[in-house]
Number of protein chains: 4
Amino acid sequence: MTASTGTRVLTDGDFRVADLSLAGFGRKEISLAEHEMPGLMALRAEYGDEQPLAGARVAGSLHMTVQTAVLIETLTALGADVRWVSCNIFSTQDHAAAAIVVGDGTAERPTGVPVYAWKGESLEDYWWCTQRLFEFRDESGAVVGPNMLLDDGGDATLLVHLGTRFEAEGAVPDTTEADSEEYGVILDVLRGTLAADAGYWTGVGQGIKGVTEETTTGVMRLYELARDGRLLFPAINVNDSVTKSKFDNLYGCRHSLIDGINRATDVMIGGKVAVVCGYGDVGKGCAESLRGQGARVIVTEIDPINALQAAMHGYEVTTLDEVIGKADIIITATGNRDIISAEQLGQTKHQAIVGNIGHFDNEIDVAGLARTPGITRTTIKPQVDEWRFADGHTIILLSEGRLLNLGNATGHPSFVMSASFSNQVLAQIELWGNRAAYEGQEPTVTVLPKKLDEHVARLHLDALGVKLTELSKVQADYIGVPVEGPFKSEHYRY
Amino acid sequence: MTASTGTRVLTDGDFRVADLSLAGFGRKEISLAEHEMPGLMALRAEYGDEQPLAGARVAGSLHMTVQTAVLIETLTALGADVRWVSCNIFSTQDHAAAAIVVGDGTAERPTGVPVYAWKGESLEDYWWCTQRLFEFRDESGAVVGPNMLLDDGGDATLLVHLGTRFEAEGAVPDTTEADSEEYGVILDVLRGTLAADAGYWTGVGQGIKGVTEETTTGVMRLYELARDGRLLFPAINVNDSVTKSKFDNLYGCRHSLIDGINRATDVMIGGKVAVVCGYGDVGKGCAESLRGQGARVIVTEIDPINALQAAMHGYEVTTLDEVIGKADIIITATGNRDIISAEQLGQTKHQAIVGNIGHFDNEIDVAGLARTPGITRTTIKPQVDEWRFADGHTIILLSEGRLLNLGNATGHPSFVMSASFSNQVLAQIELWGNRAAYEGQEPTVTVLPKKLDEHVARLHLDALGVKLTELSKVQADYIGVPVEGPFKSEHYRY
Amino acid sequence: MTASTGTRVLTDGDFRVADLSLAGFGRKEISLAEHEMPGLMALRAEYGDEQPLAGARVAGSLHMTVQTAVLIETLTALGADVRWVSCNIFSTQDHAAAAIVVGDGTAERPTGVPVYAWKGESLEDYWWCTQRLFEFRDESGAVVGPNMLLDDGGDATLLVHLGTRFEAEGAVPDTTEADSEEYGVILDVLRGTLAADAGYWTGVGQGIKGVTEETTTGVMRLYELARDGRLLFPAINVNDSVTKSKFDNLYGCRHSLIDGINRATDVMIGGKVAVVCGYGDVGKGCAESLRGQGARVIVTEIDPINALQAAMHGYEVTTLDEVIGKADIIITATGNRDIISAEQLGQTKHQAIVGNIGHFDNEIDVAGLARTPGITRTTIKPQVDEWRFADGHTIILLSEGRLLNLGNATGHPSFVMSASFSNQVLAQIELWGNRAAYEGQEPTVTVLPKKLDEHVARLHLDALGVKLTELSKVQADYIGVPVEGPFKSEHYRY
Amino acid sequence: MTASTGTRVLTDGDFRVADLSLAGFGRKEISLAEHEMPGLMALRAEYGDEQPLAGARVAGSLHMTVQTAVLIETLTALGADVRWVSCNIFSTQDHAAAAIVVGDGTAERPTGVPVYAWKGESLEDYWWCTQRLFEFRDESGAVVGPNMLLDDGGDATLLVHLGTRFEAEGAVPDTTEADSEEYGVILDVLRGTLAADAGYWTGVGQGIKGVTEETTTGVMRLYELARDGRLLFPAINVNDSVTKSKFDNLYGCRHSLIDGINRATDVMIGGKVAVVCGYGDVGKGCAESLRGQGARVIVTEIDPINALQAAMHGYEVTTLDEVIGKADIIITATGNRDIISAEQLGQTKHQAIVGNIGHFDNEIDVAGLARTPGITRTTIKPQVDEWRFADGHTIILLSEGRLLNLGNATGHPSFVMSASFSNQVLAQIELWGNRAAYEGQEPTVTVLPKKLDEHVARLHLDALGVKLTELSKVQADYIGVPVEGPFKSEHYRY
């Protein structure tokens, strides 16, 4: 298989996607998404001439979707050489992957970008793909590692750090029963590389100037590495930019929660009793959208501050046990595990809809559900299962307990991803552009300066017709900020 | 092709659907929908023993969807013999049609119901199907007409009345240039029947005891017939039950508008400028759901009372010309024509989303759009077209200007259709049960008594966990109503 | 006491108000209110030259507030001779009454209007005032009855009809124990007039060309009179104009409920559990405003249709007994009696706030409360009482169970009263202008034609910056309405 | 004048309030407020036995309102000796001050607390009172300084620091023309003390173990002092507790903005165009409450992040110049100056309502307004002025541009102040209880640990019927927090 066009020819060895013939459809959707991603498009315009990523070889591990395609093409438009994998075995949109491999045939992007990703990878596939991420080629065609990472969840970062550690220790430990299936696969990969080249990952790690990380989970891993003095290169925590955490989580889920429920079930949300477990940014967005459709929303919370916020917004706040028998819709949005037990699932109303928009599929005890005596499962349609208990009542489980907005709808919409990804691009520019300054420093995890956070917001205003007021010098002095910002203290909560 | 099961065998001559093999999938969805249609299920429980529709041969012309399937099986559960066609060439859900033809294999519904409907009929198909609606068979297998009509939009009613009239006049008029294409097809059908049996429709009409009509449009036709003294049988206006017009239009569209936009475009609604043309019940539901997603909603109106209502709910109310250049989403919800002209479409923002949830596809001048010099059309996916103007800017047109909630999503959800269809069932029982009383009266159009309207509402309360307060005798006397209702005067507006 | 200015001098015999010295302050508030009553001001502009009420002697019985002052001066600006009383012993704003008596000193309104009203009348005062309403004077100074009534609650209408009946019967019946205190006062008044002039009320009634009635209660009395064939003159039901019932009740109470609670208690509404008894237009407005402040709203209802509406808007709907122990705020909005019993009041949370915005003070059993063993009452401030039960817990009762928006705040705001009162003015013009046509007809109760209802709405659009869209002729024909309206069928519910 | 009761007698020399006879009324309101301040009452219950403030002499400078009375009596219930002044010349509620001076006659609080505060102090009065704050008496009756400060705005802190500085410098500088009137008064005071006792403030400062500060402004001064190395004692920034800044500002203003507008103007908010300048926490609360009343809200912002938030909530965001001519209500909520210029005030709609809920009265250029040629001012009622421009149009200015929620209503409600004040109490306990540990450290400004912030929230849940979910040990470990909290990282934004 050969992916066409331009001066360079990608062959099958350069990529692995599901179906190249989807490229045209993918390109159409990318083209539409560009309009909805004004931040990225503005960065192309702002930095296109300057080429701040020239020389950067960016290895990206992040859901290979249409929105990510716009990110990838922004990175290349700014001068980067890019390779890509998805950070989740299910999240690749095959038409987007195909379009990225093929390129768009324009003078600017005549050739595509190597992608290794398809919807429904096995774990072995997944880590095989992730290995390929590190195999850039120089002009001579020789394999050379990346010099920048762009990560979502930290899997690419993990591989480099784990590989480096085992190479230092001289051996990959045996897989034990306590290890997860996936960790076993990772150890197998590392055994292979250790056998082939005992300094491979060490070399890769030394070549990397920095990583920018998208998620809470990945950021937590980075802080742990930094705390333990094992962080190999500087990192920027993109997750905690205001224009990421307060936008993506809140407004993204406000959009995609009800979209997922609607596509999955066609059930009227108005008038229903909907329980949202967790009132963080995700839960706030969920509650708002369910109320916006006329549901009666009840919240569960562990944190008294968030609980008080929910009460102040007029929601009933109580425990799941109190309402399990009267809820029509139950959504987990916590980032924690064991939120709904199998036993509680057995106590719901008939045909209660149960779904997760938090993080992993352990928010709902799906494994325990499957072990419930007398239970049967009927798949209504993909990602929508009816589980029938021995007493005859059923629940409708969405996406097998995985993220329903990704599984039953199309995840966050482009506009909100534009804000998140603009932070990614600015973070890449920061780390790559100032790599000399970072050199020789102890690697740490930092967030983008507030000024860049504000810049990202600013890039999205025109698209919404927002007109900003400008401070006069007198006013700026009065509140002690520059006329052009940043405007708030670091601890301001928005 | 033979549709199985039970004591009677439907053969191809008894039905015509797209694909019988979809019946299993259809049955699963019907089963889920039953839970969401508590009104219909309660009527089955309430009237199942009594069999109030025994002897009724109900000819139904109404979108052949999963929800309608639950209606059909409610009618048969109450004793009716039923035949069915869709009232729209696109609206049939093939899996629902298949399931109805096959039946569910239970003792109660061992055999299916004859259905003539599939998604994507031609106009000739459509009127051929509608003819079949009238061909019940008696126990001997002889063809016999229906004795009840259940109509949506009035096409079945129209055929009987038009046929009767032309038979009285002895001839079907020639088709003229002024006639629509569809009217030409109808005239062809009637020419055929006149040739075959010059008293066919007259006989059919004489056999019918009454019609129950679902929609504004159909009801308007009935009132015209009654006014002109041409109405052949009594009619009940189901559309104007409170539990139909204030529920279906308002809450149904609140649900399905954003569902349609989301499925069609995946575009974030939050932050966008959305114009809703018309602030009747449909427009009210649209505005509420768009605001619930964080859009800035602007309303256009012709009626000063509705305009004032919109202002009182905090919406900007202005003319389309004022906002055409800044709207991201434009929705027509008027029941009128020419709401957005082709010229206005040429003045939108780039990638403005344009759709209709009002009634016909003439709310948006799609024909004029297609005639615009230099315009090109790209189909993004079914029911989603990008039209590019000569100046390069584009609009995203949903469902070719037809109802976007049907075309891009799945129409109204089951719960709200349960309210509408419960009115249909009660209206059928009223007309059939009291056919002797209606006999000999001048046929008129009436609405269901308020007590039945309240009854329909009551049937939907338990499902939502609503506990009703009961009037004491003293209280009932104090406000001059019976303890058990009806509670309001006829002109109460809810 | 003499009220100044102009060509005519009002002396104490011409009026009776609390304190003339408040006139200046009243005039300032009237002047501000005029801006907020664009409907009335537009009617002055529209009809000022024409003087359609020339010759009319309008006797008005309606809360003597600042807003009513603008109504009164609109009636005089249109040519009427006017006298006024309040229709409630507590509702007079003394500064408004004073200003009306004095006039504004302009050429247009050099002299004042006779008013008999002050805040805190006794029942005897009240009916003495109402008697004065009928004592216009002709140019010679002789007493002459009114020829038009403008009524709110129907007390003026009642006096004429009761007086006429007793004169026909030749006697006023004895007061019995079953009669209310107030009815006893009325009978006393009528005994006095019967003794003085046995044909007094009969003559007054014969002189009256029509009445326009503001409220549900008054309208109900009128329909009963008409049904019994006892209605003495034609009546227009102003209450059921859309721009009255759907505006005044809904938007007025949305405004004034929380205003009353805030002024009375200063208690934070956000986060509280608030029960609204009744989900008619008043209850809808209450629920919306409480939710808008962040309260968790629970609704009680008797009517299944309204109950379903409440559920569809996301409110919990249950019985008062279920929530009496957890509500922080309990509001009656029913128009019925015995909504909260004394026993239930004994079961509330400590310091629960209890108030009524429905109609009379019998919605809450205040009498029963006062009889509760061991209860004590502490007045926190006027219209705010803390009642302490024997168990030590207390409730905060607003306005002694009377309308809290009038008692604890200032009632409906001017804008919404402008809509109601514009209907009053148009109704007066209709009955007076067409008095010849009504003559000789059986008196009936009618509502204003929809076109006038729409006209009232139209008069309020400019003030809110609303731009209306105009129908084209083609569009108007398409939906079968005139280009300029009316736009809706009679049974349209808005 | 003598304030009664208990073992100790306060005489006039011990206090100075407007009218002791208001004490009974004040006590009633304090008693009601206690129920609405569950955080403070819970702290009394939690710490009453322990007496953690025993030995503390707390000098408090904070609006002397009913809510503050509950704070004062909480401090005394925890063992503190307390003196009090108001931090604003207008904000004292005289009945609250009187009640505090008198005490409540119970065994726990037999005697009152010295207060120097009344509504409407002059600047000289104000700083005279503030001097009295520092004059505690020991058991022998000798004057002794406080050992703790509780400050709001930092005036008490300022006096100590300025006095100490001038004593170190040996002189108080001359008052210059550039100094504000108020600064001149302060210098006069300090000249007096310097003359009387050249080491007075130095001694006072040395005796103080810490200060807890309520507001943004006061906190900013503290950070400046700490930065410059001049901070005399440790400080806790109460303002930036989540349960203060996100509650008081957001929910407090959501409540009190419309309360202020309503009491001032009685104008219907529904349907109006309302501009909110600033979309921080205060602006967010304002916008929400205005929309909750049916206004169309438009936002102005300088910060692109906040602007994007406003857009995402569906508000139009533009500049004031764009909307100055169409707004009915304009509210400043910025914390900055010159938000509305006098020129802009000249361009409003007739009778536009203009008010400030931000910080000082320089948000609106009232001084410039007064200098406008041809302008006249009419006071409608206290705190409500109509300013008429030469062209005849007017604006309604609330509270002369000062905080309208304090001037036209009663400020923040008790419940939200309970959260703020609970933080104050915990901060006092922290500084006093650990005074030994702070001793010898460089004084700094800190915030309360998150665990205490969560504790404050927790104390308010029962009152609202909130039931919190508890983490299991497994869950707590999974997200890396203790079972009992704190639950969030320091940079979490809520």
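Any value given below was found using the heavy atoms of this structure, including those in side chains, with hydrogens, waters and symmetry copies removed. Residue numbers begin at 1 in each chain, while the letters A, B, ... track the order of the sequences.
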**Student:** Can you tell me how far OH of A/Y492 sits from CG of D/D303, rounded to the nearest 0.5 angstrom?
**Tutor:**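 Separation between the atoms: 7.5 Å.
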**Student:** By a 4.5 Å heavy-atom criterion (distance strictly below it), what part of D/S489 contacts chain A: side chain, backbone, both, or neither?
**Tutor:** neither
**Student:** Which one, D/V481, D/N336, D/V242, leads in non-hydrogen pairs under 4.5 Å with chain A?
**Tutor:** D/N336
**Student:** Using 0.5 Å steps for rounding, measure from the OG atom of A/S472 to the CD1 atom of D/I302.
**Tutor:**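 Output value for this atom pair is 10.0 Å.
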**Student:** Just give me the residue among D/E288, D/E470, D/Q309, D/H460 that pairs up with chain A most often, heavy atom to heavy atom, under 4.5 Å.
**Tutor:** D/Q309
**Student:** Does D/E224, at its CD atom, have more than 12 non-hydrogen atoms belonging to other residues, nucleotides or ligands within less than 6.0 Å?
**Tutor:**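 For D/E224, atom CD is crowded (more than 12 foreign heavy atoms under 6.0 Å).
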**Student:** Output the option from A/V474, A/T300, A/L468, A/T319 having the highest count of non-hydrogen pairs under 4.5 Å with chain D.
**Tutor:**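 The residue among A/V474, A/T300, A/L468, A/T319 with the greatest pair count is A/L468.
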**Student:** So what's closer than 4.5 Å to chain D heavy atoms on A/H255: side chain, backbone, both or neither?
**Tutor:** neither
**Student:** Taking the side chain as everything from C-beta on, heavy atoms only, tell me whether D/D281 gets closer than 4.5 Å to A/R493.
**Tutor:** no
**Student:** Would you find more than 12 non-hydrogen atoms of other residues, nucleotides or ligands less than 6.0 Å from A/E343 atom CD?
**Tutor:**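 For A/E343, atom CD is not crowded (no more than 12 foreign heavy atoms under 6.0 Å).
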**Student:** Are side-chain heavy atoms of A/V317 and D/L464 found at a separation under 4.5 Å?
**Tutor:** no
**Student:** Please report the shortest heavy-atom distance between D/R254 and A/M312, naming the atom on each side.
**Tutor:**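 Reported closest heavy-atom pair: NH2-O, 2.8 Å.
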**Student:** Between atom CD1 of D/I479 and atom OG1 of A/T334, what is the distance when rounded to the nearest 0.5 Å?
**Tutor:** 8.0 Å
**Student:** Of the backbone (N, CA, C, O) and the side chain (C-beta and beyond), which part of D/D453 lies under 4.5 Å from a heavy atom of chain A, both, or neither?
**Tutor:**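 Both parts, heavy atoms under 4.5 Å.
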**Student:** Any idea which of A/E454, A/H313, A/H455 has the most non-hydrogen atom pairs under 4.5 angstrom with chain D?
**Tutor:** A/E454
**Student:** Between the main-chain N or O of A/I305 and the side-chain N or O of D/R458, is there a donor-acceptor pair closer than 3.5 Å?
**Tutor:**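 Not at all, since once roles are kept as given, no pair shorter than 3.5 Å links the two residues.
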**Student:** Using a 6.0 Å distance limit plus a 45 degree cone around the ring axis, check whether D/R337 lies over the aromatic ring of A/Y478.
**Tutor:**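 Yes, a cation-pi geometry holds between D/R337 and A/Y478.
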**Student:** Walk me through it: do A/E301 and D/F487 pass the test side-chain contact (heavy atoms from CB on, under 4.5 Å)?
**Tutor:** CA-CA 11 Å; A/E301 245 302 337; D/F487 301 105; over 6 Å; no
**Student:** Which atoms of A/E316 are under 4.5 Å from chain D, going by heavy atoms: the side chain, the backbone, both sets, or neither?
**Tutor:**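 It is neither, since no heavy atom gets under 4.5 Å.
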**Student:** Give the member of D/N306, D/T243, D/V416 that has the highest number of heavy-atom pairs under 4.5 Å with chain A.
**Tutor:**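 Looking at each of D/N306, D/T243, D/V416 in turn, D/N306 comes out on top.
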**Student:** Under a 4.5 Å heavy-atom cut-off, does chain D meet the side chain of A/Y494, its backbone, both or neither?
**Tutor:**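 Both parts, backbone and side chain.
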**Student:** D/T318, D/V447, D/L320: which one forms the most heavy-atom pairs within less than 4.5 Å of chain A?
**Tutor:**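 The residue among D/T318, D/V447, D/L320 with the greatest pair count is D/T318.
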**Student:** Side chain from CB out, backbone as N, CA, C, O: work out which of these in D/S241 comes under 4.5 Å of a heavy atom of chain A, or both, or neither.
**Tutor:** backbone
**Student:** Where does A/H491 contact chain D at under 4.5 Å (heavy atoms): side chain, backbone, both or neither?
**Tutor:** side chain
**Student:** Using non-hydrogen atoms and a 4.5 Å limit, figure out which bit of A/L459 sits close to chain D: side chain, backbone, both or neither.
**Tutor:** neither
**Student:** Output the option from A/K488, A/M220, A/K284 having the highest count of non-hydrogen pairs under 4.5 Å with chain D.
**Tutor:** A/K488
**Student:** Please flag which part of A/N362 lies under 4.5 Å from any non-hydrogen atom of chain D: side chain, backbone, both or neither.
**Tutor:** side chain
**Student:** Heavy atoms, side chains only, cut-off 4.5 Å: are D/L461 and A/L308 in contact?
**Tutor:** yes
